[in-house]
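So the structure is just underneath, and the comments pick up after that.
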Protein chains: 2
Amino acid sequence: MSKGPTIRDVAARAGTSTAVVSYVLNDGPRPVAPETRARVRAAIDALGYRPNRSARALRANRTGTLGLVVPDLAKPFFAELTRAIEDAAFARGHRLLVGSAQFDAGHEEQQLQALVDAHVDAVLLAPAHDPAAALELLRRAELPHVLVHRTVGAAPGVAGDDLDAGRRAAAHLSGHGYRRVAVLGAAEGDDPVGRRTRGALAGLAGPPDAVVECAFTDLRGDAYRAATRLLAGPVEAICATTDEHALGVIRAAAEAGRVLGTDLGLISVDGTELGAYLGLSAVTTPFAELGVAAVGAVLDGAPGRTVPMTLVTRSSCGCVAPDAERKRPGPRVPEEGRDASRVRRKEPRSLPPPGS
Amino acid sequence: MSKGPTIRDVAARAGTSTAVVSYVLNDGPRPVAPETRARVRAAIDALGYRPNRSARALRANRTGTLGLVVPDLAKPFFAELTRAIEDAAFARGHRLLVGSAQFDAGHEEQQLQALVDAHVDAVLLAPAHDPAAALELLRRAELPHVLVHRTVGAAPGVAGDDLDAGRRAAAHLSGHGYRRVAVLGAAEGDDPVGRRTRGALAGLAGPPDAVVECAFTDLRGDAYRAATRLLAGPVEAICATTDEHALGVIRAAAEAGRVLGTDLGLISVDGTELGAYLGLSAVTTPFAELGVAAVGAVLDGAPGRTVPMTLVTRSSCGCVAPDAERKRPGPRVPEEGRDASRVRRKEPRSLPPPGS
DNA sequence: TTGAAAGCGATACCAG
DNA sequence: CTGGTATCGCTTTCAA
């Protein structure tokens, strides 16, 4: 019905040409006399004019839209990541097309192709698997892109410092005095879990009690089963390499009647808000910073980079009494160096004897 | 920048006109001879032609894009909802622009305006507050739209049957024999929580032990504090009106050393995958169905409707032994406790018939 | 500084 | 059935 005013209407009302209106709108490429500019501005909001993005996209070859593909939007980590990226994009005046790949390589490729077809200005990809094919697709489309949460080779990427994060998580556990520590992750693999796992192995004060491999698509379930097995043994603490793994451990511990931070030390890497809520200590992803960096990488051509992650201690590792945590939201516990001296589990509660 | 082939290139190679190519592409509006059609098809994939969506959008006034605004993308419920909607949209050949409003009315409006400007074909809105202003905005933009997860007045909406869900959740608790039951929600309010709360009050066999109001923006925290208080008293079971509330209860129960399903009955409404993993019994949202219905509502003009929710029992209400749950994913049946510690609830009765 | 006008690529009318 | 061609709204060159 009311088709909405076009740039011609604005030009007419301002007594000028569409070209000038365009110059005002885009602040270029030609200068406009202040007075003319004012008239145009007045006409614009007198008419309530909104530029037609489709027309602009066709002509200027820019859509003002970014595309993001994540392995699974419903997983807490990727949900938080997506929100951070959407926020960063919105702050830069861009919209975000989101695709969830359901951990399926074929679906991921379809989503990417859809983004290419949609003429997004750039693509952010959190790959579920080896992104080689995806990168090739993006490269052929000559689309600016950046990998998030997973980097590979020389492709631009923004991710946490996973190796360091794993190291610090494990070191923190060692700092508590836990000696029989198991690591849940994957020793191989050039992905976050692999890196964190290797970091954890390096960060432990002694040899690990066990290293358990968990597949990529059912982290929780694998971790749950692994933890259930481990809890039947002498394990004192578990270093999970993602909050998903940690969720599995939390469940297993609950079923085994072990209280986290008291009967079992647990720490992880990711730092989702959900884990936080469950009292999970974790080396935490700075989602907002990561989002800003990723958007900046594609929009400004800023180089990819690894963002530092920070240790946040809560009750699961034993740093804070489970019921005291919420009452003392004060200064966070210091870095690993001082952990052992600061909070040592009071009376290192006796762990269940093996086989009981 | 290799510009990529256009419809003219296809027409040239097929020895026909751009009009005919367009007819083939869109399967209309004019018929095309089978043989010509074949030549066009051949040219299309010989050239690897992809239609320019921006041009199509300008000309046809359709972008093939839907817009969604949710209160907070990082919350598990909305993350799952968003994934379901994205899935439904993708299956219908549409892309999805997502906006997270951060529970802020102003931000929500900005997001909606951005979607209007982006010329999305329709908007799906999960409002955080009274959507009157938002609906007015959408109406003035003459944009097809549908409310999801919250309905109001005559505006088209797709949502779960919240009143019934609350009623069934509470009735299930009563069916277990719990008599001192508290409800966490809000007795007032024309939103899911309000409806579920009123439904719960109606579904209880007797008067509630307590009804606790929880604010909309910090459900978990409010529920946690409320549950902590309640657990100091004689409460036997808690009916949470969302999984967020339930998370607060889960935490409070853990800190109080109460085992869910044994020392405290808990049920909620929402049915997120996360709650499921924590053993939370819940009247569950059929996300996929809801997504399909919502997308259908705006794309086909299908009427809004309420989708039925289904009770899924797990360990938190006492239906399944906490450690048995994972081992038998079959039909859920209440069991007699195998050890005395589970017998805190009165008379383990049978489940209410499904859908009662 | 300003403005007339040439497209961007696809759609669909109207003749043929 | 097929094919010129006007048009969608905006950007930007080129001339004034």
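Letters A, B, ... are given to chains in the order of the sequence lines, protein chains preceding strands, and every chain is numbered from 1.
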Quick check: F90(B) with H107(A) (ring centres under 6.0 Å apart)?
yes

Under a 3.5 Å distance rule, please check whether T36(A) uses its side chain to pair with a backbone N or O of V32(A) as donor and acceptor.
no

May I ask you to list the residues of residues 32-43 of chain A, by number, that have any heavy atom positioned under 4.0 Å from an atom of DNA chain C?
V32(A), A33(A), T36(A)

Non-hydrogen side-chain atoms of L290(A) and F287(A) separated by less than 4.5 Å
no

So does R139(A) pair up with E136(A), basic N to acidic O under 4.0 Å?
yes

Does [X] have a side-chain nitrogen or oxygen under 4.0 Å from the phosphate oxygens OP1 or OP2 of [N]?
X: T6(A); N: dG9(D); result: no
X: R56(B); N: dT11(C); result: yes
X: S54(A); N: dC8(D); result: no

Find the distance [X]:[atom1] to [N]:[atom2] and express it as a whole number of Å.
X: N61(A); N: dT11(D); atom1: CG; atom2: C1'; answer: 12 Å
X: R8(B); N: dG4(D); atom1: CZ; atom2: C1'; answer: 11 Å
X: I44(A); N: dC10(D); atom1: CD1; atom2: C1'; answer: 13 Å
X: I7(B); N: dG9(C); atom1: CD1; atom2: P; answer: 11 Å
X: L25(A); N: dT11(D); atom1: CG; atom2: P; answer: 6 Å
X: Y49(A); N: dG9(D); atom1: OH; atom2: P; answer: 10 Å
X: D9(A); N: dC10(D); atom1: CG; atom2: C1'; answer: 13 Å
X: D27(A); N: dT1(C); atom1: CG; atom2: C1'; answer: 15 Å

Over 60° means perpendicular and under 30° means parallel, so classify the ring planes of H149(A) and F77(A), tilted if in between.
tilted

Closest approach of Q111(B) to V69(B) (non-hydrogen atoms, all atoms of both residues):
CB-CG2, 3.8 Å

Polar atom pairs (N or O), protein with nucleotides 12-15 of chain D, under 3.5 Å:
| unit_1 | atom_1 | unit_2 | atom_2 | d |
| --- | --- | --- | --- | --- |
| dT13(D) | O4 | Y23(A) | OH | 2.9 |

Can you list the residues that meet the side chain to side chain donor-acceptor pair (under 3.5 Å) rule with E244(A), with sequence neighbours excluded?
R220(A)

Is it true that atom CD of E109(A) has more than 12 heavy atoms of other residues, nucleotides or ligands lying nearer than 6.0 Å?
no

Which nucleotide sits closest to the side chain of L58(A): dG9(D), dG3(D), dG3(C)?
dG9(D)

May I ask you to check whether S100(B) and Q102(B) show a side-chain donor-acceptor distance below 3.5 Å?
yes

